[in-house]
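Notes follow the structure.
Here the structure is a predicted model, which means the values were calculated and not measured.
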Amino acid sequence: MNAVPAWQRWIPDASAGVAALALGVIEVRGNALLDGGAAAYVIVLAVAVAVGLSRALPSGSLAAAWVALAVQVTSGTPAMLVEVLLAVAAFGCARWGRAATVWLSGLSMPLGAVIGVLWLDSDLVYRALDLVGVRLLAQTAYRGGDWRVPASLLILALLATPWLAGLALRFLDRARTSRVSQVAAEAERDQAEEIARLREGQAQLARDVHDVVGHSLAVILAQAESAQYLPDTDRDAHVEALRRTMANIATSARTSLQDVRQVLSASSGAAPAAGQHGDLDALLEGVRASGHEVVSSEVGTPRPLPPELEVVAFRVLQEMLTNAIRHGRRDEPVLVERHWEGELRLEVRNVIGAPPAADETRPMAAVDPAELSAQATAGHGLEGMRRRLEAVGGRLDVRRREEPGGATFTATAWVPLRSVPRGAGR
């Protein structure tokens, strides 16, 4: 929609000012008390300007009202009906004026009423009161009473009523604007939260698929590579070993496909079930089937885990074994420890390099990325493990240790233990 030109926005205000000017001129010419003096026309012009600027320039409207009062007081011009239109200026100052204009206009009303009454002649005040239709008030004030009090109250009422109305509309408009802004802010917040949830869901899905596919491909690759070194002295034994290897590859691929389907089916936000504690042993057996030697030890009494912790333990150990297969030496065993004391501690250790010149232990953050692949140092897998553990109150530590037998990686994960509620389905 095209914006309205500035001059068109002035048309209603200018029309109101012209109408006030016309009414004032008619009153000056028809009122014998005014005697057609120049001061009366100046007052009419000031009132017209105050009316015309009441919305577009409230501060100018207030200044014009004071000019009208000053001319009337100094010239002794009687009160005129057209001056009632100064109520429009009072309304505009309270409704559209800045804070300073609102305060000044509020103080101007009682001050202007007092000044006008003190400087005007009592007979003129009586006639003005009678002219606006307040006959009883005029008679009471003029016949022995103090006319200043009712006159001041009348002038104050004529100005204060529209001023208060304008102030009320101002606050209502401000409250409505604040509400609209609040609704817009809440909508933006909800949208941002929804985007964050979607992104977190995408990241979680990516981590799950990475863990499942990465582990399976690493096992399949290791099995395929081990087939190259099968002894061929006995052809029948060679064929049988090759069949077992291919069967292991098929089993790994089938399991990977099932896990990926399970992960994708959990798009509603429910965590994929990893199974019982025996699945951790199944992971180890899968690595052994790929040709890697795995030495496993377990300390403490295994305990059933809630589904969310079971998934975390399963995926974390899966990623640890994947890294061991990818980056470890095939001629060295993968050491796996599980400690069930207070919390579940999973530790996977594997040799990755030749014997060093000196012993040294340092955290993964201190390892030169050029020494290792990006996956081993700061890859998606390690970051995924860390996020999984932190989400349930656990933690991860990955270190490189220089030992006489060669450089080793030790990945340690701590999973907090929470008991499964009695009667919960497993």
Side-chain angles (χ1 to χ4, degrees), residues 1-31 34 36-73 75 77-113 115-116 128 131-132 154-178 180-181:
M1 182 178 295
N2 296 330
V4 179
W7 64 271
Q8 291 186 8
R9 294 197 296 266
W10 280 85
I11 292 179
D13 302 331
S15 300
V18 171
L21 180 63
L23 292 176
V25 170
I26 293 173
E27 181 180 5
V28 171
R29 290 185 175 183
N31 192 342
L34 298 176
Y41 286 106
V42 172
I43 295 173
V44 169
L45 180 60
V47 172
V49 171
V51 172
L53 297 179
S54 59
R55 184 177 63 171
L57 189 61
S59 58
S61 177
L62 179 61
W66 272 103
V67 169
L69 177 61
V71 172
Q72 187 166 38
V73 170
S75 64
T77 303
M80 294 183 289
L81 279 176
V82 73
E83 292 180 88
V84 175
L85 295 178
L86 290 177
V88 177
F91 175 85
C93 289
R95 176 67 178 85
W96 296 293
R98 296 185 178 182
T101 303
V102 174
W103 283 103
L104 288 176
S105 61
L107 295 175
S108 296
M109 287 182 294
L111 182 61
I115 292 177
L131 187 62
V132 296
L154 178 62
I155 296 174
L156 183 60
L158 290 174
L159 297 177
T161 300
W163 185 85
L164 291 174
L167 194 63
L169 291 177
R170 180 190 188 95
F171 286 127
L172 287 176
D173 183 65
R174 183 175 297 177
R176 183 169 54 253
T177 303
S178 176
V180 171
S181 301

* How long is the gap from CG on Leu104 to CZ on Arg98, to the nearest 0.5 Å? -> 13.0 Å

* Could you tell me whether the side chain of Pro58 reaches within less than 4.5 Å of the side chain of Leu53, counting heavy atoms only? => no

* Answer yes or no: is there an ion pair linking Asp173 with Arg170, defined by an N-O contact shorter than 4.0 Å? => no

* Structure fact -> Tightest non-hydrogen contact, residues Ala68 and Ile43, listed as O-CG1, 3.9 Å

* So, the side chain of Glu27 versus the backbone of Leu81: is there a donor-acceptor pair under 3.5 Å, distance only? -> yes

* To do: Find the distance between CE (Met109) and SG (Cys93) and round it off to the nearest 0.5 Å.
  => 9.0 Å

* **Donor-acceptor contact present, side-chain Thr77 to main-chain Gln72, <3.5 Å** => no

* Structure fact -> Closest non-hydrogen contact found for Val44 with Val25 is CG1-N, 3.9 Å

* Structure fact -> In this structure, CG of Leu164 is separated from CG of Leu169 (nearest 0.5 Å) by 11.0 Å

* Return the minimal non-hydrogen interatomic distance between Val102 and Gly97, and the atom names on each side. => CG2-O, 3.7 Å

* To do: Kindly indicate whether the side chain of Val47, heavy atoms from C-beta on, has any atom under 4.5 Å from the side chain of Met80.
  => no

* Asked: Roughly how far, to the nearest 0.5 Å, is CH2 of Trp66 from CG of Leu111?
  -> 4.0 Å

* Asked: Can you check whether Val82 reaches Leu85 side chain to side chain, under 4.5 Å on heavy atoms?
  -> yes

* Note, Phe91 side chain near Thr161 side chain (heavy atom, < 4.5 Å) -> no

* Asked: Shortest non-hydrogen contact from Ser54 to Ala89?
  -> CB-CA, 4.1 Å

* Any donor-acceptor pair under 3.5 Å from Ser75 side chain to Val71 backbone -> yes

* **Separation between CH2 of Trp163 and OG of Ser108, rounded to the nearest 0.5 Å** => 10.5 Å

* Asked: For Ala40 and Val28, which heavy atoms make the closest approach, and how far apart are they?
  -> CB-CG2, 3.9 Å

* Side-chain contact test, heavy atoms from C-beta onward, threshold under 4.5 Å: evaluate it for Pro12 versus Arg55 and give yes or no. => yes

* To do: State, to 0.1 Å, how close Ala20 and Ala48 come at their nearest heavy-atom pair, and which atoms those are.
  => CB-CA, 4.0 Å

